[in-house]
Number of protein chains: 2
Amino acid sequence: MEAITIKDIAKALNLSTSTVSRALRDSYEINVETKRLVLEYATKMDYRPNPIAQGLKENRSRAIAVIVPEIANNFFSEAITGIEDVANAMGYDVVIFQSHESYEKEVSNVRNVVARRVDGLLISISNQTKDVSHLSDLHERGFPLVFFDRVSDDIDTYKVVADNFSGAFKATDHLLSTGKKRIAHITSSAGLYITKERLSGYKAALEKHEIPFDANLVHYCVNFGYKEMEGIIESILSVDPMPDAIFTASDRLALACFEILLTRGIRCPEDLALIGFTNLKVAHLLSPALTTVTQPAFEIGQTAVELLIDLIEKKKRMSSTFMIKLPTELVVRASSGSKVPGFGGS
Amino acid sequence: MEAITIKDIAKALNLSTSTVSRALRDSYEINVETKRLVLEYATKMDYRPNPIAQGLKENRSRAIAVIVPEIANNFFSEAITGIEDVANAMGYDVVIFQSHESYEKEVSNVRNVVARRVDGLLISISNQTKDVSHLSDLHERGFPLVFFDRVSDDIDTYKVVADNFSGAFKATDHLLSTGKKRIAHITSSAGLYITKERLSGYKAALEKHEIPFDANLVHYCVNFGYKEMEGIIESILSVDPMPDAIFTASDRLALACFEILLTRGIRCPEDLALIGFTNLKVAHLLSPALTTVTQPAFEIGQTAVELLIDLIEKKKRMSSTFMIKLPTELVVRASSGSKVPGFGGS
DNA sequence: TTGTAAGCGTTATCAT
DNA sequence: ATGATAACGCTTACAA
């Protein structure tokens, strides 16, 4: 409970607090012997500077905040691991908030972040968030801000995302290379940046294989609802000629799609190929047909926090968008036993 | 960037900082009109007290720390969501650390927690941790400490866990009730408290069904390695008579087991029943055979943090263990094997 | 009812 | 090379 302070050291060594502080901070102009003494005693007593006091003094907290929609989501939890990894190594703690896909919660989280005087904010915005004025306020006041994954078009700063274009290209190209001809594409809301990127990748692959684009094969799933997906599957299965493969644009879409296909007795890959754009670790257990394109969640987190800390420490201000796209990876399963996924209870 | 301080309010209203502080804190003896004025102005300017300064003054930080082995793990991320849920509602922020199952990292995290002057610690210890002196030190100094899930026997405080006994009982009982006779049990390290509890539940169910306990059917998986699990499966399949069901004690074990069985062309549930003790959300997609027992991760988090905040705010000190066991739930999937096809191996 | 001042732990700016 | 002191924002005796 009672942590040792610089004062205690000063008293014990008959020095002034400033001398001790200097010794600890390895300041210029200090007697080497005094320094040794202080350092020795500090180590012995396991002295740790109080970051609260330091923060008050320096007007910083040595903590950064992360706001994500949901922590219980493989992509975000991996990204956070990447964030924590780099941040801790650089002496920053990470404070995590969840918006639970609620705009109100996100705004309240941002307020909290400001009140906490964290040194910077990494955010992946909720899918309900249209108005980003709670963030542009911060940004305009010079508060270090970096987006990752779910980025906003309306604020000019660093944005770290997966390369959705090439990911979609790889996925589609893979299906076409294995002989598929008519590939349905189930994706998220038409307006989203990532949706557009993925559609472009899909189209580019079709072009490469000289297959004409058919708009009827593209399905936008807006609410991620089971009913909605059922309707989509229905129309995919009833169109003539029937598609011989499906490229889904996310974990949730891939899972919902897979589940509905299963209940209709459709087995991948004999009847229909299915490819997910996913971070789901157990995808290969669901079906060997579930070839996936994984997003580099961990690296996205690492990169984002590196940029953020750079902004913080160099007191830089971004006045234009700088988008970093990290490569995705096509994972084609072999029949050999792969490694045990990193899921698990306790 | 420039947050408004109590000083700014005082200056603007021609008051002293203490008066403003009193108005804000709804202190005794303050002119109701002055208070109104201050509150009004504070609201208008969106004043937020600086928790760093408050913390320095009150020697607290209004933050609690959580140390878990891994955040990218469904159980822990759900527990953290529960923790955050309650903590935020009570005005606390949550600072998260991962031990990555490393004893050294855990110790370093604990140091950091102390340095941060968080008000309390929730911890689920790493599976490498044998010596808990880094925690008993804290506890003895009166630092609020609550264990959840991975608890230590050596420290007397609140411990919040799933009811592993009844969970294991339900799982085993379910298998036996569906006609299985020889149930292998794959579980974690023999020394762990949860392992013992689960084994007891397993035995109790056998007893209920008047089936003798066979120690040869119990397999301890220590490293969670693929190789290790392969050996275990090997020995399960080669014993005579062969078991007709497997009860695995965690997500990771269930998945590893499932994967290896698949590569050997063993389809559940025709050839062998498999039951997981799991929080994996997609278990039902893996196989209808994967009946599961879910742990109330979210509630465990909520309960743990409630107890911790109680310790903090009442300045209570625990001097004996108080174990809270939250109920698990048996999730039996719809009629197995009928509509949903099995998975063709490889 | 309000103001003054001290103090929380640390660092920076002066002196010495 | 070292010490005294002020300051960060806030709370709280104590004074007025």
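Computed from a predicted model, the values in this text were never measured in an experiment. Atom set for the values below is all heavy atoms of this structure, side chains included, hydrogens, waters and symmetry mates excluded. Here is how names work: the chains are called A, B, and so on, in the same order as the sequence lines, proteins then strands, and each is numbered from 1.
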What distance separates A/E40 CD from A/R36 CZ, expressed to the nearest 0.5 Å?
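It is 5.0 Å, given to the nearest 0.5 Å.
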Could you state the interatomic distance from NZ (B/K130) to CG (B/D154), rounded to the nearest 0.5 Å?
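Between atom NZ of B/K130 and atom CG of B/D154 there are 11.5 Å.
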Pairing pattern in dot-bracket form [Watson-Crick, G-U; both distances under 3.5 Å; | = partner strand] for DNA chain C:
||||||||||||||||
Using distance alone, with no hydrogens and no angle criterion, decide if A/Q302 and A/D85 have a side-chain donor and acceptor under 3.5 Å apart.
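Yes, a side-chain donor-acceptor pair sits under 3.5 Å.
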Give a yes-or-no answer on whether the side chains of A/Q128 and A/S102 include a donor-acceptor pair shorter than 3.5 Å.
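Side chains of A/Q128 and A/S102: no pair found under 3.5 Å.
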Quick one: which protein N/O atoms are closer than 3.5 Å to N/O atoms of nucleotides 8-11 of chain D? Pair and distance per line, please.
| residue | atom | partner | partner atom | Å |
| --- | --- | --- | --- | --- |
| D/dC8 | OP2 | B/K7 | NZ | 3.2 |
| D/dC8 | O2 | A/K57 | N | 3.4 |
| D/dG9 | N2 | B/A53 | O | 3.3 |
| D/dC10 | OP1 | B/Y47 | OH | 2.7 |
| D/dC10 | OP1 | B/N50 | N | 3.2 |
| D/dC10 | OP2 | B/I6 | N | 2.6 |
| D/dT11 | OP1 | B/R25 | NE | 3.0 |
| D/dT11 | OP1 | B/Q54 | NE2 | 3.0 |
| D/dT11 | OP2 | B/S21 | OG | 3.1 |
| D/dT11 | O2 | B/K57 | NZ | 3.2 |

Pairs involving residues 305-315 of chain B, ordered by first then second residue, that meet salt bridge (Lys or Arg N to Asp or Glu O under 4.0 Å) (sequence neighbours left out)
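Counting only pairs at least two positions apart or across chains, the salt bridge (Lys or Arg N to Asp or Glu O under 4.0 Å) contacts touching residues 305-315 of chain B are B/D310-B/K314, B/D310-B/K316.
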With sequence neighbours left out, write down each residue that passes side-chain contact (heavy atoms from CB on, under 4.5 Å) with A/V95, or none if nothing qualifies.
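A/V95: side-chain contact (heavy atoms from CB on, under 4.5 Å) contacts with A/A63, A/F97, B/D93, B/V95.
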Listed once per pair and sorted, the ring pair (Phe, Tyr, Trp, His ring centres under 6.0 Å) pairs that draw on residues 122-142 of chain A, sequence neighbours left out
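Listed once each, the pairs are A/Y103-A/H134.
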Under a 4.0 Å heavy-atom cut-off, which of residues 36-44 of chain A touch DNA chain C?
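Going residue by residue through residues 36-44 of chain A, none turns out to have a heavy atom under 4.0 Å of DNA chain C.
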Describe the nucleic acid contact of B/D8 in one word from base, sugar-phosphate, nothing, applying a heavy-atom distance below 4.0 Å.
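If one applies the 4.0 Å heavy-atom cut-off, B/D8 turns out to touch nothing in the nucleic acid.
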With side-chain contact (heavy atoms from CB on, under 4.5 Å) as the test, pick out the partner of B/L135 among B/I67, B/T129, B/I125.
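Considering B/I67, B/T129, B/I125, a side-chain contact (heavy atoms from CB on, under 4.5 Å) with B/L135 is found only for B/I125.
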